[in-house]
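Here's the structure, in structure tokens; my notes come after.
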Protein chains: 2
Amino acid sequence: MAEHLTPRAQEIAAAARALLEESGPAALTMRTLADRLGIKAPSLYKHFPDKHAVEVELTAQLLAETAEVLEAAEARAPGSPEALAEAYRAYALAHPHLYCLATERPLPRAGLPAGLEDRAALPLLRTCAGDLDLARAVWAFAHGMVILEIHGRFPADADLDAAWKRGLKALHA
Amino acid sequence: MAEHLTPRAQEIAAAARALLEESGPAALTMRTLADRLGIKAPSLYKHFPDKHAVEVELTAQLLAETAEVLEAAEARAPGSPEALAEAYRAYALAHPHLYCLATERPLPRAGLPAGLEDRAALPLLRTCAGDLDLARAVWAFAHGMVILEIHGRFPADADLDAAWKRGLKALHA
DNA sequence: CCGATCTGGCTAACGCCGTTAGCCATGACG
DNA sequence: CGTCATGGCTAACGGCGTTAGCCAGATCGG
């Protein structure tokens, strides 16, 4: 979690996250969030300035957990793009609503813990041996695969494992 | 446009598109849409069953135009992934709000003209010589690059042209 | 020990949203 | 000439994020 938040604010963020992951972004409402905590909606504003701030906190959680997951994969199999990709995909698909919330809007850099964005990017950058352009291409590929899968954009019978393999092989030839 | 729509419905869709492209998805409201047409919001429901149906029509427009743009690029430079990519990127960045609206949710396949989804995919599939897995990987890469750029996810100083080149070169080695 | 202050609840309300119900003018058509 | 479809309208509902303003209880300095 985040130590820059009041304990009560952390509880609220946790409830918001549970709500989001269980029921999707449309269900993440100040009123239902308050309900889940046994309070009324206006009381939430004693802890967060507005709904956006709650979403920023959830975004920070996703970023931090992504960093952890990628660091763990790297530790397990250093230098393996496949391990990184598998970890990234598995984490994103395990938290699809959170992934979308955190990913499908401008990065609220101002509200994020310092260094978090870089930390999440580092494992991939290392695996790309410092090749920034390649790392960005791989990132775009991975994000594209995940987000298209989450939204059911691929044909139902598409072999996504094969597409992942094909893309990764080409990008790290 | 779409001939399955009433003329009046086409006018409404055109206004909706203008509204979306000028002012973003938050401004695409049944009330402001009606305002722009000089009518009241409830009257819109004589032409579309709900707001989602309007959005589906805009999604169909994006899909059709994407197909046109890709077909034109292919005609100009057959077999060139770079030409396809450049056309795709340029079109998406010229219509960022529309691209997001049409792209960041499940494909409403039921409400789309038959064959449109396939038509939009064909130029890339041909350029990939029928390799479905490769085509999907390239698609994911291109979508990832575009959507990350639209949302300002890359560092401000990132050289995106270079990342595009790098990714395309690898994917079509 | 007491008063001040802070914390974290509350109710009422505002203006927006999508949407529904029901009314009515116009004009086409048998 | 009556009937009916078309495409407007107003009024209203419930839900949204958010604000203003009130209040109980804890904390803490004098």
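One atom, CG of B:L44, and another, C1' of D:dG8, lie 11 Å apart when rounded to the nearest Å. Rounded to a whole Å, the CD1 atom of B:I12 is 14 Å from the P atom of C:dG18. Between the CE atom of B:M30 and the C1' atom of D:dC13 there is a distance of 17 Å, rounded to whole Å. The separation between A:D50 atom CG and D:dC16 atom P is 17 Å, rounded to whole Å. As a whole-Å value, the separation of A:H47 NE2 from D:dT18 C1' is 16 Å. Atom NZ of B:K46 is separated from atom C1' of C:dT26 by 13 Å (rounded to the nearest Å). What separates NZ of B:K40 from C1' of C:dG18 is a distance of 17 Å, to the nearest Å. If you take OH of B:Y45 and P of D:dT10, they are 16 Å apart, rounded to a whole angstrom.
Checking D:dC9, C:dG9, C:dT11 against every side-chain atom of A:I39, the shortest atom distance belongs to C:dG9.
Each of A:R31 and A:S43 has a nearest nucleotide on DNA chain C; the 5'-most of these lies closest to A:S43.
If you check every strand for non-hydrogen atoms under 4.0 Å, B:L37 touches nothing.
Side-chain contact check for B:Y91 versus B:L70: every heavy-atom pair is 4.5 Å or farther apart. Between B:E57 and B:L5 the shortest side-chain heavy-atom distance falls below 4.5 Å. A:V69 is not listed as a side-chain neighbour of A:Y88, based on a closest heavy-atom distance of 4.5 Å or more.
For A:K51 and D:dG17, a side-chain-to-base donor-acceptor distance below 3.5 Å is absent, hydrogens and geometry of angles not being considered.
A distance below 6.0 Å separates the ring centres of B:H143 and B:Y99.
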